[in-house]
Number of protein chains: 2
Amino acid sequence: MKRLTGRNDSTDQAADDERRAGARPFADSLARLKEVGLRPTRQRLALAKLLFDAGDHHITAEQLHAAARSAGVKVSLATVYNTLHQFKDVGILREVVVEPGRSYFDTNVRPHHHFFHEGRGHLTDIPDEAVALTRLPDPPEGAEISRVDVIIRVNDRA
Amino acid sequence: MKRLTGRNDSTDQAADDERRAGARPFADSLARLKEVGLRPTRQRLALAKLLFDAGDHHITAEQLHAAARSAGVKVSLATVYNTLHQFKDVGILREVVVEPGRSYFDTNVRPHHHFFHEGRGHLTDIPDEAVALTRLPDPPEGAEISRVDVIIRVNDRA
DNA sequence: AACCAGTTTAAAATCTTTCTAAACTGTGAC
DNA sequence: GTCACAGTTTAGAAAGATTTTAAACTGGTT
Ligand SMILES: [Mn+2]
Ligand SMILES: [Mn+2]
Ligand SMILES: [Zn+2]
Ligand SMILES: [Zn+2]
């Protein structure tokens with residue numbers, strides 16, 4: 001199965017522009033769902049469009065559900081949760097946990113880190129290169145590292 | 001908790017050792033609560049003892065509640081939550097969020113980082129010196145950094 | 001001893017997330 | 001196109017962690 005990393009490696013500038021402008025509203029989402037082996041249902045197509053046609057962002061299940069309703073998409077909260085977890089399981093979404101009792105889903109699955117604004121309760125991406133982790137401990141015996149998260153917690157200056 | 005029967009001339013070192021050994025079961029906890037301005041109630045003293053006389057560890061509210069019951073301390077879960085948050089607010093505990101839907105409280109408030117074993121669901125400390133963060137991005141305009149968390153997620157080797 | 005602000009508590013409420021089981025739908029076969 | 005069926009969606013119930021409420025209790029002070 002083809003990996004998703006080659007999505008923007010097209011040399012056809014016009015095709016890229018057309019995709020970004022949303023000229024073929026469902027084409028990208030449809031292709032994406034096919035690639036990851038999920039049946040392209042009405043709900044999944046609509047949620048994929050809301051998630052992936054809007055640039056990198058961090059969103060909660062409730063927020064996505066609200067966005068769907070605003071966009072006139074009829075979908076239950078249970079389906080939003082199901083879909084977010086399916087997208088995460090196939091690697092096109094990532095879950096970020098920084099606050100008790102609430103998960104954020106991140107449409108940016110490239111390696112990167114986060115600012116978390118504790119007062120406002122929102123996440124901002126930090127490019128991977130902006131953080132230099134030049135020494136890391138060995139993992140515990142028998143374990144292997146799956147991911148390294150750097151979370152920089154910030155607040156408004158006093 | 002065993003009490004030492006004979007006392008020698010006490011140097012600073014001996015006094016330290018005695019405290020660590022728990023020879024004066026409530027003295028440390030009492031002093032600690034006074035220092036941070038919390039009234040030393042029966043419940044707070046007992047929870048402080050369970051938390052701080054056992055070395056650095058990570059514990060959930062439910063786990064602390066269970067530990068209290070096991071130790072014969074009658075305390076409600078609501079009080080456990082109240083107390084954990086009060087201890088956090090005065091800086092003698094730190095809250096660590098790595099999993100959706102559950103908070104860990106850390107008796108080690110010195111700067112350090114964590115391994116999180118995703119399969120087993122438990123935290124291990126990483127000494128601050130074992131991680132070298134040699135480049136960090138500037139915080140967003142108007143914000144200041146309150147803490148940098150490095151979480152190394154691990155799993156059992158395949 | 002009396003007082004009272006601070007504390008504890010059982011129970012209810014809240015909030016996010018997951019489960020259940022019945023209805024619905026995309027897909028491939030014919 | 002119709003059929004069959006696995007996969008999907010859904011309302012509503014349930015779960016699980018945490019917080020709130022409001023009444024009873026208690027440590028510290030006078
Ligand atoms: Mn999840
Ligand atoms: Mn908290
Ligand atoms: Zn991100
Ligand atoms: Zn720790």
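Since this is a predicted model, take the numbers as computed values, not measurements.
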Check against ring pair (Phe, Tyr, Trp, His ring centres under 6.0 Å), A/H57 and A/F105: CA-CA 8 Å; A/H57 62 291; A/F105 290 86; over 10 Å; no

Test ring pair (Phe, Tyr, Trp, His ring centres under 6.0 Å) applied to B/H112 - qualifying residues, sequence neighbours left out: B/H114

Qualifying residues under side-chain contact (heavy atoms from CB on, under 4.5 Å), relative to A/T134, sequence neighbours excluded: A/A132, B/A132, B/T134

B/S103 vs B/T60 side-chain heavy atoms within contact, under 4.5 Å: no

Toward the 5' end of DNA chain D, by each residue's nearest nucleotide, B/K34 or A/A78: A/A78

Phosphate-side-chain proximity, B/Y81 and D/dT18, N/O vs OP1/OP2 below 4.0 Å: yes

Phosphate OP1/OP2 of D/dT19: any B/H85 side-chain N/O under 4.0 Å: yes

Joint cluster assignment, A/V97 & B/V96, ILVMFWY side-chain distance < 4.5 Å: no

For residues 72-82 of chain A, run the donor-acceptor check on the side chains, cut-off 3.5 Å, and write out each pair with its distance to 0.1 Å, sequence neighbours left out.
from: A/S76; atom 1: OG; to: A/T79; atom 2: N; distance (Å): 3.1
from: A/S76; atom 1: OG; to: A/T79; atom 2: OG1; distance (Å): 3.1
from: A/N82; atom 1: ND2; to: A/A78; atom 2: O; distance (Å): 3.4

Please report, to 0.1 Å, the donor-acceptor pairs under 3.5 Å made by any side chain of residues 148-158 of chain B, with sequence neighbours excluded.
from: B/D149; atom 1: OD1; to: B/R147; atom 2: NE; distance (Å): 2.8
from: B/D149; atom 1: OD1; to: B/R147; atom 2: NH2; distance (Å): 3.4
from: B/D149; atom 1: OD2; to: A/R153; atom 2: NE; distance (Å): 2.8
from: B/D149; atom 1: OD2; to: B/R147; atom 2: NE; distance (Å): 3.4
from: B/D149; atom 1: OD2; to: B/R147; atom 2: NH2; distance (Å): 3.1
from: B/R153; atom 1: NE; to: A/D149; atom 2: OD2; distance (Å): 2.8
from: B/R153; atom 1: NH1; to: B/V98; atom 2: O; distance (Å): 3.3
from: B/R153; atom 1: NH2; to: B/V98; atom 2: O; distance (Å): 3.3
from: B/N155; atom 1: ND2; to: B/E118; atom 2: OE1; distance (Å): 2.9
from: B/D156; atom 1: OD1; to: B/H117; atom 2: NE2; distance (Å): 3.3
from: B/D156; atom 1: OD1; to: B/R120; atom 2: NH2; distance (Å): 3.1
from: B/D156; atom 1: OD2; to: B/R120; atom 2: NH2; distance (Å): 3.3
from: B/R157; atom 1: NH2; to: A/A143; atom 2: O; distance (Å): 3.3

Salt bridge (charged side-chain N to carboxylate O under 4.0 Å, His left out) partners for A/R69, two or more places apart: none

Terminal axes of the helix from C/dA1-D/dT30 to C/dC30-D/dG1 (five pairs each): angle between them, nearest 10 degrees: 20°

Which residue lies more 5' along DNA chain D, comparing B/L77 with A/L38 via nearest heavy atoms: A/L38

Nearest-Å distance for atom pair CG/P, residues A/L33 and D/dT8: 11 Å

Atom-to-atom span, CD1 of B/I59 to P of D/dT18 - whole angstrom: 13 Å

Contact nearer the 5' end of DNA chain C, comparing A/N82 with B/N82: B/N82

Nearest-angstrom distance from the residue atom CG of B/L47 to C1' of C/dT9: 14 Å

Results of ring pair (Phe, Tyr, Trp, His ring centres under 6.0 Å) for B/F87 - residues two or more places apart only: B/F52

Value in whole Å for how far the P atom of C/dT18 lies from CG of A/D89: 11 Å

Contact residues, residues 61-75 of chain A to DNA chain C [heavy atom, < 4.0 Å]: none

N or O in side chain of A/S76 less than 4.0 angstrom from D/dT10 OP1/OP2: yes

d(CG, A/L84; C1', C/dT17) in whole Å: 11 Å

Contacts of A/H113 that satisfy ring pair (Phe, Tyr, Trp, His ring centres under 6.0 Å) - sequence neighbours left out: none

Give me the distances for all protein-to-nucleotides 21-26 of chain C N/O pairs that come in under 3.5 Å?
from: C/dG26; atom 1: O4'; to: A/R39; atom 2: NH1; distance (Å): 3.3

Upstream residue (5' side of DNA chain C) when B/G37 and B/G101 are each assigned their closest nucleotide: B/G37

Between C1' of D/dT18 and CZ of B/R102, the distance in whole Å: 12 Å

Residues in salt bridge (charged side-chain N to carboxylate O under 4.0 Å, His left out) contact with B/D56, at least two apart in sequence or another chain: B/R110

Residue pairs, two or more places apart or on separate chains, that pass side-chain hydrogen bond (donor to acceptor under 3.5 Å, both in side chains) and touch residues 135-145 of chain A: none

Rounded distance (Å) that lies between atom P of C/dT18 and atom CD of A/Q86: 12 Å

